[in-house]
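Residue numbers count from 1 along this sequence. These numbers come from a predicted model, not from an experiment.
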Amino acid sequence: MAARGETDWVSRFADEVISEAERRAPGKPVVCASGLSPSGPIHLGNLREVMTPHLVADEIRRRGVECVHLLSWDDYDRFRRVPAGVDPAWAEHIGKPLTAVPAPPGSTHANWAEHFKAPMIEAMAELGVRYRGISQTEQYTSGAYREQILLAVRERARIDAVLSRHRSKQVEDYFPYKPYCDLCGRDLTTVTAYDDETTELAYTCECGFGETVRLAEHDRGKLVWKVDWPMRWAYEGVIFEPSGVDHHSPGSAWTVGGQIVGDVFGGRQPIGPMYAFVGITGMAKMSSSKGDVPTPADALEIMEAPVLRWLYARRKPAQSFKIAFDQEIHRLYDEWDALGRKVATDQAQPAELAAYDRAVRTAEGPLPATPHPVPYRTLASIVDITTGDTEQTLRILRDLDGIGGLDQARPRLDRAQHWVDDHLPADQRTRVRESPDEELLDSIGPGERESLRLLADGLDDWSLDGLTTLVYGVPKLQAGLAADAAPTPELKAAQRAFFALLYRLLVGRDTGPRLPTLLLAVGADRVRKLVGG
């Protein structure tokens, strides 16, 4: 592997973070941070919250500098709404901490938060993301933040003054701490009195319950978000933490947090790039609260971990991009394989090489890779045509590329199989005809019959290159052109007509998988039979 260039966005942030860490906390590990709320499916947009600091932290570790990536699970946040597809009866839990809400029906997990954390934890392990997880439920209920909570409450007037600059109307009796009701467990509470000297806090709840507690001993509540976030920056000594574009509007948690962290908690705001949204081909902006969103686990079913890492590594955080679950995944893999060839032959540009290197390895070592990577679109065509039959698949791959066993084509082969099974529309699935279409064969003219004869006679070169040359060459031969003749509009039209005829005879449609792959999968004898040869 050639030396990685220092021109990519990850290297630039790593430089800045290391310098800032030396100024703020010399001799201590560099702290990068992420935060995820397991309120619903953790989708591919949320993954950018993790991958951005992961890539920077990994680069810092590659340089031999001690660095920790903290991942805060915001599992002490309130349950806000019932996602689509979940029993509406779960509405009775709205207002409770996510860890106090039962898991969705049929789940084996202890609570709502654990149910949605589990697949993300598995996905991050497959992606090579090394982090230290922090449960905010554990932090708050253990009293870890007690001094920070008391400080925020003492400084509530100062916090209110910061927030008031961004409010359209004033708020009376502002209080930065929200108790969870001791009777119903929800946060439908209102603080009615507080004594700074004794820390006695009185609250009432919409359920009718009320009590007085000593805040210095109370562990059933949390700071409101715009105070909680800057508190954690100071508590954890965070140097680098990105946030979504929605956090950078006037009056947002990032904006006001930058003032509160210093004025109240004596800390400093992290270096925090804004990251843009991640979309899915053919889908609108993702939303966890609506429930039906593609997750990292979903993406890892159809693409290898290095390819998914590459999508996040090659784009600057502020650049949006889309992840393909449709036919675009074929183009994506073509681009990935082309980059791999450029890297192998030392032709990649420094930024390309850096993104590729970050995709295929971490500071701990390389990620698993497919030993014999056949093009994804070819694998998808093969598993589609063979309906996943392993013997047929191995026969074709052996003829195609000399593969001795299917494990040489895995895990890419398995990813292509999942894509065909789950994302290829039923009307685009390939079903090879069992018998010749006699009616169509009887209706074609002499020129078309001649083209089919030339095809049947040329099937002896049983390789992908040979079959590619054959299907493109038959119309050339009929037009009296050389095999290497440059395409003309007339030749392209003749080739399209020939291809359409072959598709109709082989699969009963005008289109289908790439013809050379289709021919290879069907087999020479069966092709001759179906084209009347």
inquiry  = Looking at every non-hydrogen atom in both residues, tell me the closest pair between A318 and A276 and how far apart they are.
reply    = O-CB, 3.4 Å
request  = Could you tell me the separation between the CG atom of L379 and the CD atom of Q417, rounded to the nearest 0.5 Å?
outcome  = 10.0 Å
Sidechain N-carboxylate O distance under 4.0 Å for D77, K222 = yes
From CZ (R429) to CG (D384), nearest 0.5 Å = 5.0 Å
note = Residue set satisfying salt bridge (Lys or Arg N to Asp or Glu O under 4.0 Å) with R232, at least two apart, ordered chain then number -> D74, D228
request  = Salt-bridge test for R361 and D357: reply yes if a basic N is under 4.0 Å from a carboxylate O, no otherwise.
outcome  = yes
task = State, with a plain yes or no, whether a side-chain heavy atom of V278 is found less than 4.5 Å away from one of L311.
result = no
Spacing of F79 atom CZ and S37 atom OG [to the nearest 0.5 Å] = 11.0 Å
F321: ring-ring contact (aromatic ring centres under 6.0 Å, His included) partners, not counting sequence neighbours = Y312
query = Does any donor atom in the side chain of D75 or S135 lie under 3.5 Å from an acceptor atom in the other side chain?
reply = yes
ask   = Taking T192 for the side chain and A202 for the main chain, is one N or O donor matched with an acceptor at less than 3.5 Å?
value = yes
Step-by-step side chain to side chain contact (heavy atoms under 4.5 Å, CB included) determination, Y131 to I121 = CA-CA 10 Å; Y131 65 95; I121 289 170; 3.7 Å; yes
remark   = d(T204 OG1, F209 CZ) to nearest 0.5 Å is 10.5 Å
ask   = Y76 vs Y140 aromatic rings, parallel, tilted or perpendicular, using cut-offs 30° and 60°?
value = parallel
Shortest non-hydrogen separation from S249 to T255 and the atoms involved = O-OG1, 3.2 Å
key: Pairwise distance CD1(I42) to CD(E49) - rounded to 0.5 angstrom   = 11.0 Å
query = Taking the six-membered ring for Trp, are F325 and W419 ring centroids under 6.0 Å apart?
reply = no
request  = Mind listing the closest non-hydrogen atom pair of G221 and H218 along with its distance?
outcome  = N-CE1, 4.1 Å
Residue pair F265 / V227, side-chain heavy-atom distance below 4.5 Å = yes
request  = Mind listing the closest non-hydrogen atom pair of P38 and W112 along with its distance?
outcome  = O-CD1, 3.5 Å
Worked verdict on H69 versus V50 for side chain to side chain contact (heavy atoms under 4.5 Å, CB included) = CA-CA 9 Å; H69 178 187; V50 173; 4.2 Å; yes
inquiry  = Is it the case that the side chain of D421 and the backbone of H418 share a donor-acceptor pair, with hydrogens and angles ignored and the cut-off at 3.5 Å?
reply    = no
query = Parallel, tilted or perpendicular: which fits the ring planes of W229 and W233, with parallel below 30° and perpendicular above 60°?
reply = tilted
query = Salt bridge or not for D187 and R80, using N-O below 4.0 Å?
reply = no
task = Kindly state each residue pair satisfying salt bridge (Lys or Arg N to Asp or Glu O under 4.0 Å) with at least one member in residues 173-186, sequence neighbours excluded.
result = D182-R220
query = Roughly how far apart are I323 CD1 and L47 CG, rounded to 0.5 Å?
reply = 7.0 Å
request  = Begin from the C-alpha positions of C67 and R130 and carry the test side chain to side chain contact (heavy atoms under 4.5 Å, CB included) through to its verdict.
outcome  = CA-CA 10 Å; C67 181; R130 173 182 159 194; over 6 Å; no
Name every donor-acceptor pair, under 3.5 Å, that has one atom in a side chain of residues 302-309 and the other anywhere in the protein, sequence neighbours excluded.
{"unit_1": "E304", "atom_1": "OE1", "unit_2": "Y333", "atom_2": "OH", "d": "2.7"}
{"unit_1": "E304", "atom_1": "OE1", "unit_2": "R412", "atom_2": "NE", "d": "3.1"}
{"unit_1": "E304", "atom_1": "OE2", "unit_2": "T370", "atom_2": "OG1", "d": "2.7"}
{"unit_1": "R309", "atom_1": "NE", "unit_2": "R358", "atom_2": "O", "d": "3.0"}
{"unit_1": "R309", "atom_1": "NE", "unit_2": "A359", "atom_2": "O", "d": "3.3"}
{"unit_1": "R309", "atom_1": "NH1", "unit_2": "H54", "atom_2": "NE2", "d": "2.9"}
{"unit_1": "R309", "atom_1": "NH1", "unit_2": "L127", "atom_2": "O", "d": "2.6"}
{"unit_1": "R309", "atom_1": "NH2", "unit_2": "H54", "atom_2": "NE2", "d": "3.3"}
{"unit_1": "R309", "atom_1": "NH2", "unit_2": "R358", "atom_2": "O", "d": "2.7"}

task = Over all heavy atoms of both residues, which pair between V82 and A91 is shortest? Give the atoms and the distance, please.
result = CG2-N, 3.4 Å
key: Closest non-hydrogen atom pair, I271 against W254   = C-CH2, 4.5 Å
request  = Considering only NZ, NE, NH1 and NH2 on the basic side and carboxylate oxygens on the acidic side, decide whether E16 and R12 come within less than 4.0 Å.
outcome  = no
inquiry  = Given 3.5 Å as the limit, does a donor-acceptor pair link the side chain of W9 with the main chain of A313, or not?
reply    = yes
message = I need the single residue from V56, I60, V68 that forms a side-chain contact (heavy atoms from CB on, under 4.5 Å) with V30. Which is it?
response = I60
message = If you define the side chain from C-beta out and look only at heavy atoms, does anything of Y177 sit under 4.5 Å from Y194?
response = no
task = Could you walk me through whether Q259 and L163 pass the side chain to side chain contact (heavy atoms under 4.5 Å, CB included) test, one step at a time?
result = CA-CA 10 Å; Q259 297 170 267; L163 296 176; over 6 Å; no
message = Going by salt bridge (Lys or Arg N to Asp or Glu O under 4.0 Å), name the pairs with one or both residues in residues 24-42, residues two or more places apart or in two chains.
response = E20-R24
task = Would you mind checking if R156 and D196 are paired as a salt bridge, meaning a charged N to carboxylate O distance below 4.0 Å?
result = yes
query = Which pairs, with at least one residue in residues 82-110 and sequence neighbours excluded, count as a salt bridge (Lys or Arg N to Asp or Glu O under 4.0 Å)?
reply = none
query = Taking side chain as C-beta onward, heavy atoms only, is N111 less than 4.5 Å from L98?
reply = no
ask   = Donor-acceptor pair, W90 side chain versus P102 backbone, under 3.5 Å?
value = yes
request  = Mind running salt bridge (charged side-chain N to carboxylate O under 4.0 Å, His left out) on E236 and R132 for me, showing each step along the way?
outcome  = CA-CA 12 Å; E236 295 162 350; R132 182 191 301 166; over 6 Å; no
ask   = Counting N and O atoms only, with roles assigned by atom type, does the side chain of K342 sit under 3.5 Å from a partner on the main chain of L353, one being a donor and the other an acceptor?
value = no
query = Under 3.5 Å, side chain of T52 to main-chain N/O of P242, donor-acceptor pair present?
reply = no
task = Kindly indicate whether the side chain of W310, heavy atoms from C-beta on, has any atom under 4.5 Å from the side chain of L332.
result = yes
request  = Find out whether C207 and C181 are in side-chain contact, i.e. whether some heavy atom of one side chain is under 4.5 Å from a heavy atom of the other.
outcome  = yes
inquiry  = Under a 3.5 Å distance rule, please check whether T189 uses its side chain to pair with a backbone N or O of Y203 as donor and acceptor.
reply    = no
message = Any side-chain to backbone donor/acceptor pair from E352 onto Q349? Under 3.5 Å, distance only.
response = yes
L424 vs Q327 side-chain heavy atoms within contact, under 4.5 Å = yes
message = Between N46 and M120, is there a side-chain heavy-atom distance shorter than 4.5 Å?
response = no
inquiry  = Can you confirm whether E211 is buried at CD, in the sense that more than 12 heavy atoms of other residues, nucleotides or ligands lie under 6.0 Å from that atom?
reply    = yes
